[in-house]
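Remarks on the structure that follows.
As a basis for the values below, the full set of heavy atoms in this structure was taken, side chains included, without hydrogen atoms, waters or symmetry mates. When a ligand or atom number is given, it counts from 1 through the structure's own listing order.
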Amino acid sequence: MLENLRVVDLTQTIGPDTVMWPGSPQPRLETVLTVAHDGFYNRLVSFVEHTATHFDAPVHMVEGTESVDEIGPERLVRPLVMIDISAEVGDDKDAILTLEQVRAFEAEHGRIPAGAAVFLRTGYEDVNTDPVKYGNAGGPLKFPGFGPDAARFLVEERGAAGLGTDTLGIDPGFAEDFVVHRQITFPRGVWHVENLENLKSVPALGAWVVVAPLRLLGGSGSPCRVIALVP
Ligand SMILES: [Zn+2]
């Protein structure tokens, strides 16, 4: 079976220069043991839970909901839907995924399967090492995201298990109220993955995805490896 699958990594590397959400500390990777001196190579690493390609558990913004360790693996291995709006986004840093675009996607590719991980490709994956282009330029946040109507449709009408994006956040940069996070996804136990990359290498429908956050006790989220399995 595996020989018929293409395995695609959708994960950013974590390093000292990872482009972070504004105000978040940079990851630190400190060598504490070396093979030459100690017989083992080991590092002490530190980063906030929302670093590089990472998982958002509902408790990140809605108190009393699930933390990352409470989300079972059956909710993390899901049919993958990849909606590519990079052509429509162009230079519009405030672009959002609209309900019309979701309907157009289904008209072209077929119905979004129940329980899917729905990942949005805005094209920002191509500039994720450039803080200015990626949206963390010191001024107001600027990057595209899910519009509330599209997110509500995906969650309520298509039963999405999770949403993902190749930008710093599921809500667009301008959305200071985080409507999708606070009102649409997290209250229903729908998770997020942010800062995905390489979405250009997966099809619109037909692949599966494995989303693997660290099982941090009480965690608001975690960096995670995200691997697509493409038939
Ligand atoms: Zn996050």
Side-chain angles (χ1 to χ4, degrees), residues 9-15 17-28 45-71 75-76 78 93 96-97 117-122 124-125 127-129 131 134-137 140-148 150-151 154-155 160-199 209-227:
D9 201 335
L10 305 180
T11 316
Q12 287 184 18
T13 301
I14 298 176
D17 299 323
T18 296
V19 178
M20 300 294 298
W21 185 270
S24 293
Q26 292 301 128
R28 289 180 53 179
V45 301
S46 64
F47 40 72
V48 293
E49 290 172 324
H50 302 261
T51 292
T53 303
H54 72 268
F55 188 88
D56 283 0
V59 76
H60 182 39
M61 285 200 190
V62 181
E63 287 184 335
T65 58
E66 293 165 310
S67 52
V68 64
D69 52 311
E70 295 175 320
I71 296 178
R75 287 163 62 191
L76 301 174
R78 295 279 95 206
K93 298 177 187 298
I96 59 168
L97 175 69
V118 180
F119 290 176
L120 177 66
R121 179 170 187 264
T122 70
Y124 274 46
E125 63 182 14
V127 295
N128 64 17
T129 59
Y134 200 51
N136 177 3
L141 280 169
K142 288 286 181 187
F143 55 81
F146 284 79
L154 292 167
V155 169
L163 303 182
T165 180
D166 67 347
T167 68
L168 283 165
I170 291 291
D171 281 284
F174 67 78
E176 294 174 359
D177 48 1
F178 298 102
V179 164
V180 176
H181 281 73
R182 291 196 172 119
Q183 296 179 25
I184 298 173
T185 51
F186 289 163
R188 294 171 179 79
V190 175
W191 48 258
H192 298 164
V193 185
E194 295 165 336
N195 300 310
L196 289 159
E197 69 176 20
N198 213 14
L199 293 176
V209 68
V210 178
V211 176
L214 298 177
R215 201 170 179 193
L216 298 171
L217 180 65
S220 71
S222 162
C224 65
R225 200 78 184 245
V226 182
I227 298 170

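Evaluation of the side chain to side chain contact (heavy atoms under 4.5 Å, CB included) rule for Leu214 yields Leu216, Ser222 as partners, not counting sequence neighbours.
More than 12 heavy atoms of other shown residues, nucleotides or ligands fall within 6.0 angstrom of atom CZ in Arg188. For Arg182, the CZ atom is densely surrounded, since the number of other residues' heavy atoms within 6.0 Å is greater than 12.
Atoms of the protein (N, O or S only) found under 2.8 Å from the Zn ion (ligand 1) are His50 ND1, His54 NE2, Asp56 OD1, Glu194 OE1.
Tested against His50, the residues His60, His192, Glu194 include a single side chain to side chain donor-acceptor pair (under 3.5 Å) partner, His60.
A heavy-atom distance below 4.5 Å is not found between the side chains of Val45 and Pro27. The closest side-chain heavy-atom distance from Glu49 to His54 is not below 4.5 Å.
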